[in-house]
Each structure stands twice: as structure tokens, then as C-alpha cells.
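Written out below as C-alpha cells is the structure these notes cover.
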Amino acid sequence: MHAAAVTPEVTPLRDRFGRVATDLRISLTDLCSLRCTYCMPAEGLDWLTKAQRLTDAEFVRLARIFVAHGVTSVRLTGGEPLVHRSVSDVVAALTGLDPAPEVSLTTNGVTLATQARDLAAAGLARVNVSLDTLRADRFAALTRRDRLPDVLRGIDAAAQAGLAPVKINTVLVRGQNDDEAAELLAWSLRHGYQLRFIEHMPLDADRMWSATEMVRAEEILEQLRTRFVLAPTSARGAAPAELFDVLDGPGSDDWPAARPQVGVIASVTRPFCRECDRLRLTADGQLRTCLFAHDETDLRGPLRAGATDAELGELIVTAVAGKQAGHGIGSAGFEQPRRTMSAIGG
Ligand code: SAM
Ligand code: SF4
């Protein structure tokens, strides 16, 4: 918690388990240019209407209230945030807040090549690009779109624009790309990108997730250790990724990074719920305090009905106080939430 971010009369976002929320994920849009099998159905979803989506001014006003309550980092996501035409304007408005949060973005990279410079100029600090395979045929099957060359160009453009270090997010799916972990790491290290594997979570629209089939963190690390020497770094704290220094591996003489690392986000098998500092604002203005929550707090309704900043702040404080202890995946009563990953904002 940054004391400077909270004026004395404003309450920090603390829940009943003592966790303080400082990281806000904003889903700028539910629309997307890809149809990843582990996220969306082939035909897409029932998209929000323009009237249902928040306007840029509404996103920024809510973000300002979150920041006044101690949020120090804002990540733009979706759906695909780069489909939102005025994404750079939103970045500029967010980085212009006082105090200014760190603003980052998670993207599928499809149109990043043409947008990276504008985003960097608008004050974007970092970018995470999702890339699950380096093979064009697999990419087309996994995302249902043949866009691998565009994504690779986008990643390169982001690095050139100074959005560094570029982080790569990878989900391994059984039978599709589950043998590609070491290949992806070799490629990332060669380019100086930071690779993070994310365990597949039960948030897909097609409900294809399976506890027995999912590729677990342990298996990913085993695969990597067949070619690389890894050493765990210190405790991860509120950061979801467990980081490993990569001490040696093929091509190590040419790795550009001073301290090459790889991360594993084991949200399912080694959850970090006890340290979670995240909140999510959906494109239609609903506050979610957990990816797996069944309840949402409507901020759009009160905002459009003329609520003051203090009233909206009170709604946020109350919602955060009721944040659930953990996601409960694997427990008897676990139920996948109605909203899927792309509609929540991953
Ligand atoms: N469209 C952008 C992208 O793909 O980077 C941003 C939104 S996407 C929902 C954010 C991240 O969530 C991506 O890295 C994606 O791989 C990941 N994701 C989507 N569905 C997932 C699932 N069921 N389990 C784990 N990660 C998932
Ligand atoms: Fe779109 Fe990202 Fe979901 Fe893929 S993971 S369908 S790119 S929102």
C-alpha cells in the first residue's frame, strides 16, 4: 500500500481477511479478434451493446476513484483491449491521473505492430502478449484465426517501442501445445522476453477445462528442466507468478537479458488467493473482486444515475470488504462463474 495514494479521509480497499487491493484490471471491451478454444466459443459470445459498455470518460472516472482509494496499478485487458479504438487515449488519461498509477496492458498482439508506438507515447509502462505456440498450424487451431505472423510482428514492435521487458503469457492445452514449453522458453530467452506459463482455469465458454487433463505447473517445470537449469527465486508475495532464474540452457551465450527468468502462474494447483490484491472492472461497469466470484457490484447504474465520487467510493469499499477468501477450485461446491474469461477481463 502506498500511503501517498490515499488522502486521510479516504478508506483503503481492505477486505475482512486483511488483504488490501491495489491492482485494478479494466476490461475495455468484451470484443476480440481471436477465438482461443480455452476462452471463447467459435461463434463468439453475446456481445455487449455500445450503450451497455462504459464510455472512456466513465472508465477514467471510475479508475480515478479506485486510485484515490489506493490502487497503484491499472492493467487494461478484455476481450481484446486493442480492438478498442481509443485505447491510447485511455492510457494517456490514466497515466495523467494524480497520483498516476502504473498502466500496463494484456493483448493478443494481433494489431500491436501498428499501435505499440502510440501506446508507449501515451505512457504505457509494459505489455503482456499472449502467445501459446510458435507453429502457425497450431496457432490457427488454438485461436481459430491464422494470425501468428501478425502477433510476432506485434511483439517485436512492442520491444522496439520500449515497452520492455515484453512479457509473454502462455497457456498450455493438453493435446494441442503441451509439448512446446521448452521451445517457447528457448525462443523467449533468445529475444529477451519474459515468459510466463498460466495454468488453464475453468473459465472457458466451452467448458472444456478438466482437472485431470489440465497441464499443471509441476509438469511444465519438469518439461523445462529437461533442457534448462532453473533456480527458484525468493517468495512471490502478491505476485501470481513463481519466478525461476534460468541459469543455463541451449543458446545461453546469446541471451540478451542480464538475469533471464521464467515464471509459472499456478492459479489452480498453487493458488495465491491469500495474497490477492486484485480487482476487476468489466466493460459494462461491474466490479468483480475475484475471477471466480458469482456476485458483482454494479457501478455503471449508480454512476449514470448521478452518484457522487464519494458514493461510488463507498460502493467499492463495501464490495471489497466482502471479497471471498479464495476461488475454491477443487472443492465440493465449486461452480464455474457465469461470465467467462474474456467477458471478465483476465
Ligand atoms: N485478449 C487478450 C489476451 O489474450 O491477452 C486479453 C484478455 S485474455 C482473457 C487475458 C489472458 O487470459 C490471456 O493471456 C489468456 O491466455 C488468458 N486466458 C484466457 N482464458 C483462460 C483460461 N481459461 N485459463 C487461463 N488463462 C486464460
Ligand atoms: Fe480473445 Fe484473449 Fe480470449 Fe484469446 S484469450 S479469445 S485473445 S480474450
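None of the values given here were measured: they were computed from a predicted structure. All ligand and atom numbering here is 1-based and tracks the order in the structure.
- Within the 4.0 Å heavy-atom shell around ligand 2 one finds Gly79.
- Remark: Asp150 engages Arg153 in a salt bridge, criterion side-chain N to carboxylate O under 4.0 Å.
- Salt-bridge formation is detected for the pair Arg304/Glu58: a Lys NZ or Arg NE/NH1/NH2 atom is positioned less than 4.0 Å from an Asp or Glu carboxylate oxygen.
- Considering only heavy atoms from C-beta on, Asn128 comes within 4.5 Å of Arg75 through its side chain.
- Residue contacts with ligand 1, taken as heavy atom pairs separated by less than 4.0 Å, involve Thr107 solely via the backbone atoms N, CA, C and O.
- Less than 4.0 angstrom separates some heavy atom of Thr77 from each of these atoms of ligand 1: 6 (C), 7 (C).
- By the 3.5 Å distance cut-off applied to N or O atoms, Tyr38 is counted among the residues near ligand 1.
- The shortest N or O to N or O distance between Glu80 and ligand 1 is below 3.5 Å.
- Each of the atoms 1 (N), 2 (C), 6 (C), 7 (C) of ligand 1 lies under 4.0 Å from some heavy atom of Gly79.
- Contacts of Thr106 with ligand 1, taken as heavy-atom pairs under 4.0 Å, involve both backbone and side chain.
- Residues Glu311 and Pro302 are not in side-chain contact: their nearest non-hydrogen atoms beyond the backbone lie 4.5 Å or more apart.
- Looking at Leu131 and Trp187, their side chains come closer than 4.5 Å, going by heavy atoms from C-beta outward.
- A donor-acceptor pair is defined here as one N or O able to donate and one able to accept, closer than 3.5 Å; such a pair exists between the side chain of Asn177 and the backbone of Asp132.
- Of the charged side-chain nitrogens involved, none lies within less than 4.0 Å of a carboxylate oxygen, so that Arg190 and Asp254 do not count as a salt-bridged pair.
- Within ligand 2, counting atoms from 1 as listed, the ones closer than 4.0 Å to a heavy atom of Ser342 are 8 (S).
- Counting only heavy atoms of the protein, atom 3 (Fe) of ligand 2 lies nearest to Cys39 SG, 2.4 Å.
- Side-chain contact check for Leu291 versus Met201: some heavy-atom pair is nearer than 4.5 Å.
- Remark: minimum distance from atom 13 (C) of ligand 1 to any protein heavy atom is reached at Ser130 OG, 3.2 Å.
- The protein heavy-atom contact nearest to atom 8 (S) of ligand 1 is Gly78 O, 4.4 Å.
- Closest to atom 4 (Fe) of ligand 2 among all protein heavy atoms lies Cys36 SG, 2.3 Å.
- Taking distance alone, with nitrogen or oxygen atoms compared against 3.5 Å, Met201 approaches ligand 1 more closely than that limit.
- Here the heavy atom of the protein found nearest to atom 17 (C) of ligand 1 is Met341 CE, 4.2 Å.
- Surrounding CZ of Arg117 are at most 12 heavy atoms belonging to other residues, nucleotides or ligands under 6.0 Å away.
- Close contacts of ligand 1 with Val171, meaning ligand atoms under 4.0 Å from a residue heavy atom, involve 16 (O), 26 (N).
- Contact annotation: Cys32 places an N, O or S atom under 2.8 Å from atom 1 (Fe) of ligand 2.
- The main-chain N or O of Met214 is never found under 3.5 Å from a side-chain atom of Glu199 such that the two would form a donor-acceptor pair.
- Checked by atom type and distance alone, the side chain of Lys323 pairs as donor or acceptor with a backbone atom of Arg278 at under 3.5 Å.
- Atoms of ligand 1 lying under 4.0 Å from at least one heavy atom of His200, given by number and element, are 22 (C), 23 (N), 24 (N), 25 (C).
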